[in-house]
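Okay, handing you the structure first.
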There are 2 protein chains.
Amino acid sequence: MSTIGKALSLLDTLSRLDKEAGLTDIANLCALDKATARRFLVELEKHGFVEQDPDTRRYRVGSAPVRLARVREARFPFLRIAMPFLQALAGSSTETVHLSELSGGRLSTIHVEDSSWAHRIIVEVGSLLPFHATASGLAFLAFCPKAEIEAFLAKPLEKFTDHTIVDPDLLRGMLEETAARGFSISHQGLEAGVISTAAPVCAPDGRPIGCVAIAAPLSRTTKTAIHEFGVQAVATANAISEKYYGSEKPMGTSTKSRRTD
Amino acid sequence: MSTIGKALSLLDTLSRLDKEAGLTDIANLCALDKATARRFLVELEKHGFVEQDPDTRRYRVGSAPVRLARVREARFPFLRIAMPFLQALAGSSTETVHLSELSGGRLSTIHVEDSSWAHRIIVEVGSLLPFHATASGLAFLAFCPKAEIEAFLAKPLEKFTDHTIVDPDLLRGMLEETAARGFSISHQGLEAGVISTAAPVCAPDGRPIGCVAIAAPLSRTTKTAIHEFGVQAVATANAISEKYYGSEKPMGTSTKSRRTD
DNA sequence: CGCTTATGGTTCATTATTTGAACCACAGCT
DNA sequence: AGCTGTGGTTCAAATAATGAACCATAAGCG
């Protein structure tokens, strides 16, 4: 792997820790030599991507990403555009609505509109969504090129609950079903007692960039209700996509897009 | 310079452009070979720090920094903590209040509370504040170790207006004055007709991490008023620092801090 | 129509950077 | 004192980065 890749992986690892970390820990976690880890950290620190506490000498994520994130949001205000749609969906469904985005090959939650029920599903902003075990992941994957689906299914899949589906053939079937009807359903895939549905927000070339999902307690959700939620999620995802790309790219169907599937 | 440094500089350059950029442009701007620039971009893209538009093939800042920024803010919610203090200061001063933070060796604006006057100073979130030509820059520098001040004064300084002070000796005097009274005053240093004052928000070890500043039209601001603003900025900066560090680190004066001045 | 000149993207021998075992310094502990 | 765990540094050896020259494609133009 390139040096840049290793340094960015270190940054990623550091960002996933639940607290500031020392040099030795970081080196071990990243399978890097102490000296190498240090050089990376120093270099990252120069550019503000990490910072070291002067007292404890431990490292944490720096403030450079905050500036970059502002730039990104200024030109590409995905969340800002999506927010009102999510709020509307949360209002009409009365269940927890969350939005995810692909970042560095993973799907992570970028916004949550909480349900107003006392008994509700809690989703943390920033939490990662496994592709095979969440409605969002399935919806995302279902609209990816076939080659990528197969590449994903070839890897070992973690079983989070008794209901988590890890069989590639079963998953293939679910993905086809999801692609056909436009939304996915995850029945207790990540956590017991939770059912959820999701639809992808796609770029004009058809590639998903994230997902709109509704999560509800299994106990109060009928099969009819979850399907209705799915339809609503699709409508919301499409509305976000249209608003997001609509103004910048007048032509929705590019003839020169080079899909590989 | 290290490969990592070069790649992060590329990212920085890309983020400063006002639109998406092509490979050749990026390579030229960063003084890199086309092949090298491309390898960096591919590597950065793998980790979500840049993304390439599939149609135009141009590059823009990706979504990885957004995730990192969330992590950073979750553990280190500088802005969230500062916000109410800034709002209070904006209310009492009736002028534009802005907060800056050091990021990658530069001071950049991270929040602005606009004045409610029609005739007011506009500061953009994200704008960079030169150390020698802004109240924030001077306030920041004045509380840095002497060695860093000298290193900075040794570099050539840009003259933004007729009033910008670029003479190292004069600046040294102003910095001493600033350090003595706790706040800086910039008289049309960056833009004509604007007077501003700033105070640093310092970490427990005494190092500044950012600045609180008040900017007002010169025409309605007396010498007495700007001094009063300065005193208020100091109070606000100290309050933010206390709130920010107070709960985590009970002891304010660390004996093992290793200052170099 | 073919020529020119842009663009993005790729290759591979040369070269410079990265690497890591061993090292030092310091702090806390027995 | 000695031990053990930190963070941090060094320099010869190994490896990864580099860039001139290359290809492919598309747009502009006489």
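Per chain, numbering begins at 1; letters A, B, ... match sequence-line order. Basis for what follows: all heavy atoms, side chains included, without hydrogens, waters or symmetry-related copies.
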Does B:Phe85 offer a backbone N or O that forms a donor-acceptor pair with the side chain of B:Thr236 under 3.5 Å?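 Side chain of B:Thr236 to backbone of B:Phe85: no pair is present.
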Contacts of A:Ile81 that satisfy side-chain contact (heavy atoms from CB on, under 4.5 Å) - sequence neighbours left out: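 So A:Ile81 forms a side-chain contact (heavy atoms from CB on, under 4.5 Å) with A:Pro77, A:Lys243, A:Tyr244.
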Please state how far atom CG in B:Asp25 lies from atom P in C:dT7, giving the value in whole angstrom units. 7 Å
Can you tell me the distance, in whole Å, between the CG atom of B:Asp55 and the P atom of D:dT25? 18 Å
Ignoring hydrogens and angles, state whether a donor on the side chain of B:Ser15 or A:Arg67 is under 3.5 Å from an acceptor on the partner side chain. yes
Return the value, rounded to whole Å, for the distance between atom CZ of B:Arg58 and atom C1' of C:dT7.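 In whole Å, C:dT7 C1' lies 11 Å from B:Arg58 CZ.
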Nearest-Å distance, CD (A:Glu43) to P (D:dG8)? 15 Å
A:Arg38 side chain near D:dT9 phosphate (N/O to OP1/OP2, under 4.0 Å): yes
side-chain contact (heavy atoms from CB on, under 4.5 Å) between B:Asp12 and B:Arg106: does it pass, once the steps are laid out? CA-CA 12 Å; B:Asp12 190 78; B:Arg106 281 176 297 251; 3.1 Å; yes
Partners of A:Ala235 by side-chain contact (heavy atoms from CB on, under 4.5 Å), sequence neighbours excluded? none
Can a donor-acceptor pair be found, under 3.5 Å and without considering hydrogens, that links the side chain of B:Glu45 to the backbone of B:Val50? no
side-chain hydrogen bond (donor to acceptor under 3.5 Å, both in side chains) contacts touching residues 26-35 of chain B (sequence neighbours left out): none
A:Asn28 CG to D:dT6 P, in whole Å, measures 9 Å
Atom-to-atom span, CD of A:Glu45 to C1' of D:dG8 - whole angstrom: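 Going from A:Glu45 (CD) to D:dG8 (C1'), I get 13 Å.
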Bend angle of the helix from C:dC1-D:dG30 to C:dT30-D:dA1, from helix axes over five pairs at each end, nearest 10°: 20°
Ion pair present between B:Arg181 and B:Glu177, side-chain N to carboxylate O less than 4.0 angstrom?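 Judged by the 4.0 Å cut-off on N to carboxylate O distance, B:Arg181 and B:Glu177 do form a salt bridge.
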List in chain and number order the residues that pass side-chain hydrogen bond (donor to acceptor under 3.5 Å, both in side chains) with B:Thr3, two or more places apart in sequence or in another chain; answer none if no residue qualifies. none
Between CD of B:Gln52 and P of C:dT7 the distance, given in whole Å, is 15 Å
Readout for nucleotides 13-20 of chain D: B = base within 4.0 Å of protein heavy atom, S = sugar-phosphate only, - = neither; 5' to 3' it is ---SSBBB
Any N or O donor-acceptor pair linking the side chain of A:Lys34 to the base of C:dG20 at under 3.5 Å? no
OP1, OP2 of D:dT6 versus side-chain N and O of A:Tyr59: anything below 4.0 Å? no
